[in-house]
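Below you'll find the structure, written out as structure tokens, and then a few comments.
Proteins come first, then strands; the chains are lettered A, B, ... in the order of their sequence lines, and each starts at number 1. The shown structure was predicted, so the numbers you read here are calculated from the model rather than taken from an experiment.
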Amino acid sequence: MNIGELLRSFPELTVTGVTQGAIYALVALGYTLVYGVLRLINFAHSEVFMVGTFAALFTWGLFGLDSNTERPSIGVALLAILAAIVVAAVTSAAVALLIEVTAYRPLRHRNAPPLAFLITAIGASFVLMEVAGSLTVRRPFGVPALLPSKPLFDIGGWAVTPTQVTTVVVAIAMLVGLDYFVQKTRAGRGIRAVAQDPNTAALMGVNKSRVIALVFILGGLMAGVAAVFNDIKTGSTKFNVGFLLGLKAFSAAVLGGIGNLRGAALGGLLLGLIENYASALFGSNWRDFVAFVALIALLMFRPTGLLGESLGRARA
Amino acid sequence: MSALRERLRISNLPKPARYSLGALGLVFLFLLPNKWFYEYLGIPLGFAYIPLYTTKNDMASVLFICTWIILLSLGLNVVVGYAGLLDLGFFGFFAVGAYVVALLTSPESKLLTEYNWLESPWPWLVAVPIGIALSLLAGVLLGWPTLRLRGDYLAIVTLGFAEMIRIVAKQQDWILNGDRGIPEVGHPPGSVGGEPLFSFDAKPYYWLALCVIILAVFLIRNLVRSRVGRAWVAIREDEDAAELMGVPTFRFKLWAFAIGAAVGGLSGTLWAGQANFVNSTTFSLENSILVLSAVLLGGAGNIAGAILGGFLVIYIPEWLRSVGDVFGLPETVTVGGSTYDISPTSLRFAIFGIVLIVVMIFRPQGLWPNRRRAAEIQHRKKEVAVGE
Amino acid sequence: MSEQPSLDKPSDAPEPTPSAAPAGDRKPLLEVDNVTLRFGGVVALNQVNFTLYEGEILGLIGPNGAGKTTCFNAMTGVYTPTEGAIRFQGGKISGQQRFKITKMGIARTFQNIRLFPEMTALENIQVGADAHHRTSVPGALLRLPRHRREEKDGLKLAHDLLELVGIGGTEHEAARNLPYGSQRRLEIARALATRPKLLCLDEPAAGFNPAEKQDLMQLIKKIRDTGVTVLLIEHDMRLVMGVTDRIVVLEFGRKIAEGSPAEVAADPKVHAAYLGVPADAA
Ligand SMILES: Nc1ncnc2c1ncn2[C@@H]1O[C@H](COP(=O)(O)OP(=O)(O)O)[C@@H](O)[C@H]1O
Ligand SMILES: [Mg+2]
């Protein structure tokens with residue numbers, strides 16, 4: 001254990017942890033939304049995210065930006081990021097909806113057992129990952145440099161780069177927007193109603209199929225946004241980028257209490273921080289290890305996650 | 001048609017016929033890896049001869065892969081199929097078994113070279129029980145805290161467990177030596193005419209694994225047909241009701257987990273001997289998913305289904321390559337300067353993905369489901385009457 | 001608390017009924033001692049007291065939502081009472097593990113049938129019979145003698161119980177495919193297979209027509225006559241009157257009356273409770 005290292009780079013670790021946590025949180029929301037409504041681990045959500053990372057790359061290509069080009073001006077960079085967010089979010093949402101329609105909906109119509117859903121989820125995940133792997137020859141793709149790497153400010157070691165600011169600001173905006181949508185709008189009430197009690201919701205006239213499609217789309221949008229910032233943060237993407245990140249994001253959702261939107265945000269943030277502190281304490285090799293240990297330890301003491309599991313209110 | 005099928009069911013045949021069929025099947029399986037035998041297996045198709053064997057890879061090696069995957073499916077089938085516990089990190093136990101054997105039997109093991117815990121490498125035969133025992137222990141240690149949790153959480157915790165094993169294995173300076181791995185893993189004993197029986201040839205390993213599978217099937221069948229198996233199914237169907245009917249649910253879930261882990265570990269010990277070299281790259285999570293796919297594709301909760309599934313997920317992609325060979329299909333294509341690998345083995349996960357979705361939609365119980373409750377009820381009645 | 005001797009004499013009784021003993025000799029089997037059970041704000045049971053004596057059939061009645069099922073759940077370890085205690089043969093059972101309570105000798109059926117749907121009728125009962133079997137994984141793996149003996153005994157018991165509850169011939173049907181009435185009977189057989197001292201039946205006649213109900217009541221008497229104490233939840237007052245030795249009446253989680261069927265039937269409080277809600281015996 002290297003406590004000195006932790007103390008020395010505490011500000012830096014916290015800032016990168018929060019940034020990483022923001023990305024986890026966005027992806028975790030997709031798991032939590034679908035789980036809340038369908039009680040299904042959408043295993044293929046990681047690939048929704050992965051497609052988003054390539055959609056963003058493609059968008060930047062249209063701007064004439066690739067990993068070899070010079071850093072563009074701030075204006076162009078922001079515009080490129082905005083465009084990538086839109087394209088990636090829409091693409092990811094479309095993929096998410098496609099998965100729901102092709103892999104899950106037929107099973108629901110046949111009233112299949114839960115395990116069947118999980119395996120089609122895995123199937124969909126493999127299809128997407130392997131197709132992407134084949135198309136990209138399984139090699140990593142570099143991401144163009146966009147925002148300046150010089151910190152915006154640096155107060156007593158608390159240095160924050162423009163990328164980190166943008167990531168966190170956009171993530172918070174998305175989280176707040178989603179929370180508003182689910183809590184305040186009519187469609188959001190439908191989601192909560194189905195999450196609480198599908199049968200009663202159906203009796204009250206909520207269209208379950210529409211609600212389900214909606215949660216996949218919402219989850220896809222969030223994952224697409226996360227994908228853009230993951231590209232920028234890590235500087236590259238690969239066909240299997242979704243696997244570990246998806247696993248972590250799912251852990252984050254469980255950590256916060258699966259089915260609980262605010263829990264997903266909290267879980268993501270915590271996981272990002274834990275990981276970064278752990279990498280200072282035990283070496284970066286052990287960062288993922290510690291993340292999973294933390295998850296198991298938490299589940300031992302709070303089996304329903306930090307905030308409890310609910311999309312509306314507690315369930316029986 | 002269905003009446004005919006009913007009549008042709010193996011279980012509907014008289015006992016001597018069933019036994020001879022079984023014996024013939026076994027002889028076939030033991031002969032299978034011999035070139036002089038399998039060369040004649042194929043489908044003449046007018047202009048071409050489509051082999052049923054594999055041409056791109058040594059048939060015996062492919063068969064050996066099939067056997068250790070089948071062993072894994074058998075283990076996972078206990079956990080997922082019978083007890084209904086979702087284990088997404090099953091390959092972790094395989095890794096434990098493989099690494100234990102590697103560490104104990106390799107002269108390059110850090111247990112000898114750095115830590116001086118061992119004087120000299122242990123024989124394979126001694127290492128195997130230890131590997132199985134430690135896998136079982138890992139199963140208990142993982143199950144103890146997590147089996148009280150709801151099923152979905154178990155899934156994620158087991159996924160995390162396999163990933164943790166992989167992370168430990170990846171550490172270069174640690175005992176498992178990262179991707180440099182542990183070479184010169186020990187082989188099973190035995191020699192024929194002065195030559196060691198088990199070295200790099202996959203054939204003897206296939207035979208050995210076949211025997212192990214037969215033993216495993218026998219033992220698992222005993223379990224499934226006992227109160228243990230009934231308890232598992234009861235837990236799967238209604239855990240609360242089971243507990244209220246006097247089933248110690250936690251204990252039997254833990255048993256399922258431990259038995260599954262032990263069989264998974266056993267598979268790892270067999271594989272390590274043949275592979276001769278164990279490093280961190282084998283234990284990717286895709287393999288856990290591959291085994292899960294095998295179980296669910298074959299038919300969860302049915303031993304024969306698990307075997308079929310394990311066989312299919314390995315053999316079919318390999319066999320498709322041979323078919324491609326016959327028709328002169330290329331294994332790679334070059335488009336716009338990039339070369340794409342389109343061999344069935346490398347595309348198998350994509351193809352399986354589609355197959356899994358299609359099978360689950362049209363046949364969610366798997367290809368060979370547990371059909372003891374289906375049309376042969378009449379038959380079973382008789383069996384029970386004679387005191388089964 | 002008078003006896004109801006006229007009801008206690010089924011013609012085919014294999015042994016004398018213990019409940020016919022005078023009141024002073026009766027041994028308490030289960031004591032519900034001042035039990036209160038809350039779900040958040042809802043008080044499902046409010047300081048409920050009653051005692052079950054060996055060999056009797058006790059009726060537990062009350063309008064919907066009175067707390068009858070909750071009472072069962074407390075007795076079988078599904079819920080732990082917020083206050084008070086439940087004692088079985090003198091030992092406290094609240095807080096025990098559920099499967100251990102079953103092994104001690106309390107078995108139950110469920111208001112909403114909870115059979116193992118894909119298992120056969122026989123297997124369902126065998127699961128119950130396994131409650132007292134000691135074979136575990138090693139014994140079953142190696143098919144040791146004890147395992148074989150237990151399997152044989154369990155299978156025989158299962159066959160016998162199927163006959164007893166009157167659904168012989170359905171051995172190899174999946175429970176899910178049985179008609180509704182047979183499912184209710186199968187639940188009773190499964191509970192009996194755990195060799196209980198106390199059998200708790202939660203509305204076993206729900207959904208039955210009058211003739212079927214009469215059959216069932218005969219069955220319940222038959223079960224009692226084999227030495228099993230029975231606690232019966234039933235909506236249908238007339239039915240309960242005909243079969244029980246004593247009755248406890250719950251309303252809104254409180255015990256409002258206790259006594260012989262005649263006493264309870266005459267109790268104005270009971271009348272008020274039952275008239276206060278729509279009679280929905282079905
Ligand atoms: N798990 C629970 N959570 C909250 N309230 C419950 C629960 N179980 C029962 N109740 C409440 O306790 C009261 C008694 O229910 P119950 O025992 O089922 O009545 P009944 O006499 O019809 O069997 C009801 O008001 C019911 O809503
Ligand atoms: Mg009730």
Exercise. With side chains defined as the heavy atoms from C-beta onward, is the minimum distance between A:N285 and B:W174 less than 4.5 Å?
Worked result: no
Exercise. Just how far is it from atom CG of A:L107 to atom CZ of B:F362, taken to the nearest 0.5 Å?
Worked result: 10.0 Å
Seminar exercise, completed: Under 4.5 Å to a heavy atom of chain B? For A:F43 that would be side chain
For this session: To the nearest 0.5 angstrom, please state how far the CD1 atom of A:I122 sits from the CD1 atom of B:I289.
Result: 4.5 Å
Seminar exercise, completed: Per-residue tally against chain A (heavy atom, under 4.5 Å) across B:L296, B:V168, B:I361, B:L159 peaks at B:I361
Exercise. What do you reckon, is CZ of A:R262 surrounded by more than 12 foreign heavy atoms closer than 6.0 Å?
Worked result: no
For this session: With a 4.5 angstrom heavy-atom cut-off, could you sort out which part of A:R138 is near chain B: side chain, backbone, both or neither?
Result: side chain
Problem set entry | Part of A:L128 lying under 4.5 Å from any heavy atom of chain B | neither
Exercise. Can you find a pair of side-chain heavy atoms, one from B:E163 and one from A:F289, that are under 4.5 Å apart?
Worked result: no
Problem set entry | Over 12 non-hydrogen atoms of neighbours within 6.0 angstrom of CZ in A:R110 | yes
Problem set entry | Interface residue of largest heavy-atom contact number with chain B, from A:T102, A:D288, A:T120, under 4.5 Å | A:T120
Problem set entry | Atom pair OH (A:Y104) and CE (B:M360), whose distance is rounded to the nearest 0.5 Å | 13.0 Å
Exercise. What residue, out of A:L135, A:L295, A:V293, has the most heavy-atom pairs lying under 4.5 Å from chain B?
Worked result: A:L135
